[in-house]
Amino acid sequence: MRIIAKRSESKKLSSNILTIAAEAREAKKLNPNVIDGTIGTLYDEDGKMLEFPSIKKIIDSLSYAEKFGYASTAGTAKFKEGIARWALMQTYDDVTKDFYYGVIPTPGGSGAIGNTIDNYANEGDSILVPNICWGPYNAMAKERGCSVKNYELFKDGQFNTEDFKKDALELAEKQGRVLAIINDPCQNPTGYALEDKDWDEIIECINEISKDKTFVLLYDMAYIDYSHKGLNESREIFRKFKQFNENVMVVLAFSGSKTFSLYGLRIGAQMALTKDKEEIEYFNNANEFSARATWSNAAKMGVSLVEKLMFNDALKNEFMKELEDASNLLLDRSKLFLKEAKECGLECYTYKSGFFITIPCNGEKVFDRLKENNIFVVPLKQGIRISLSALSKKEIANLASKIKEVL
Ligand SMILES: Cc1ncc(COP(=O)(O)O)c(C=O)c1O
């Protein structure tokens, strides 16, 4: 007889990056030469968590109640508008002319993704994700009685639109609805970013399906603020979304962890865009309900931070400049790694920008051998993920050739 509930018997994380990262941290304590490329946290060149001075300044200025009081489950008007303006930036006026929107504060982007699966997939549905993607999507789907369907992310190093379309159509036929998660730009784990032509085909496919079925595009924008395109240019995609018809809802999953470099604070947002006003009412009601039923309310400190930052132009400009510097730091690291990888013939999946680079190989096999050589990375089925975000340029120098040797 089992004490654990029937539905929980098979719950077990197959790989937990946070556990591997803890192991790497311990190893580094014993040996400072250990290369810890495991964690998706941005560190500065001295190996310390990168801190944005503008964000620290705001947090230091908050009162006790602004930091630690209860936040509202649904979110305040200021938080909602602040997030919408940040998410859409210069496209805000244009996009909100065509779309209604709703915003719910969440514990990180994870809360936004979980809530979306909760309310936009029926039990037993499959969620459409690429074969190389952020692992927790699987657990989040399973937790809600769903599973994932994987399309091939790449064909000849480019987005595999054919496979996306094939699997989306198949799910639409089977389920009468599709929920697809696209993590873009700076895809975790490859650093890939979709091209305009890929988006054109994706939008055409979604509009075709949604003539008589519903389609929810969960746009996981966790790393958008580190895009090689810059803060404004990366938002131009939202103008394209205006082409979506009424049966489509776009849900943006915003991560304050990455944007503000406040990973443990657990602040994020779930933002819906749709042309159907009634759907926004359903969105607000159902997602507020789910929030109350799971985490109750998001971190007040994060909510207060958004309220202060987004309506103060001077602070916002300061922060945007700091973000730009952080993106450039990542870009410098990636250029160094990719240059050396090319020189020694180490193959990488197509990288454009972001925290991670992934090398195609049998990740599980290579992981232990790298560890023996004091290199800690994240093993995946399709490769090993290296967090450039966590490594200084000094640590990245010669890393490609060391990995090549082990491979
Ligand atoms: C692709 C992707 N989406 C979403 C998240 C959510 O992060 P958080 O819940 O900390 O905002 C992460 C974090 O690692 C991620 O890599």
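In what follows, residues are counted from 1 in the order of the sequence shown. Values reported hereafter were calculated over all heavy atoms of this structure, with side chains retained and with hydrogens, waters and symmetry mates removed. Whatever order the structure lists ligands and atoms in, that order sets their numbers, starting from 1.
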Check the surroundings of atom OH in Y92: do more than 12 heavy atoms from other residues, nucleotides or ligands lie under 6.0 Å from it? yes
Between Y226 and Y223, is the ring centroid distance below 6.0 Å? no
Under 3.5 Å: N/O of S110 near N/O of ligand 1: yes
Under 4.0 Å to a heavy atom of S255 - the qualifying atoms of ligand 1, by number: 7 (O), 8 (P), 11 (O)
Does I113, backbone or side chain, put an N or O under 3.5 Å from an N or O of ligand 1? no
Considering the options F159, F356, F154, which one meets the ring pair (Phe, Tyr, Trp, His ring centres under 6.0 Å) requirement together with Y349? F154
Does K275 count as lying over the ring of F99, i.e. NZ or CZ under 6.0 Å from the six-ring centre, within 45 degrees of the axis? yes
Just to confirm my output: which protein heavy-atom neighbour is closest to atom 12 (C) of ligand 1, and how far is it? W134 CZ2, 3.4 Å
Sub-4.0 Å heavy-atom approach of R266 to ligand 1: yes
So is N183 polar-close to ligand 1, meaning N/O to N/O under 3.5 Å? no
Is it the case that atom OH in Y263 sees more than 12 heavy atoms from other parts of the structure closer than 6.0 Å? yes
Indicate, as side chain, backbone, both or neither, the part of K258 found under 4.0 angstrom from ligand 1 when only non-hydrogen atoms are considered. side chain
Taking heavy atoms and a distance under 4.0 Å, where does Y223 meet ligand 1: side chain, backbone, both or neither? side chain
Atom 3 (N) of ligand 1: the protein heavy-atom neighbour that sits closest, reported with distance to 0.1 Å: D220 OD2, 2.6 Å
Test item: S304 side-chain N/O and E66 main-chain N/O as donor-acceptor pair under 3.5 Å: yes
Check this for me: does any side-chain nitrogen of one of E318 and K321 sit under 4.0 Å from a carboxylate oxygen of the other? no
Atom 10 (O) of ligand 1: which protein heavy atom is closest, and how many Å away? S257 OG, 2.7 Å
Distance under 4.0 Å to a non-hydrogen atom of N188: what atoms of ligand 1 satisfy this? 1 (C), 15 (C), 16 (O)
Tell me, with the steps shown, if L329 and K393 meet side-chain contact (heavy atoms from CB on, under 4.5 Å). CA-CA 9 Å; L329 174 66; K393 280 180 260 183; 4.2 Å; yes
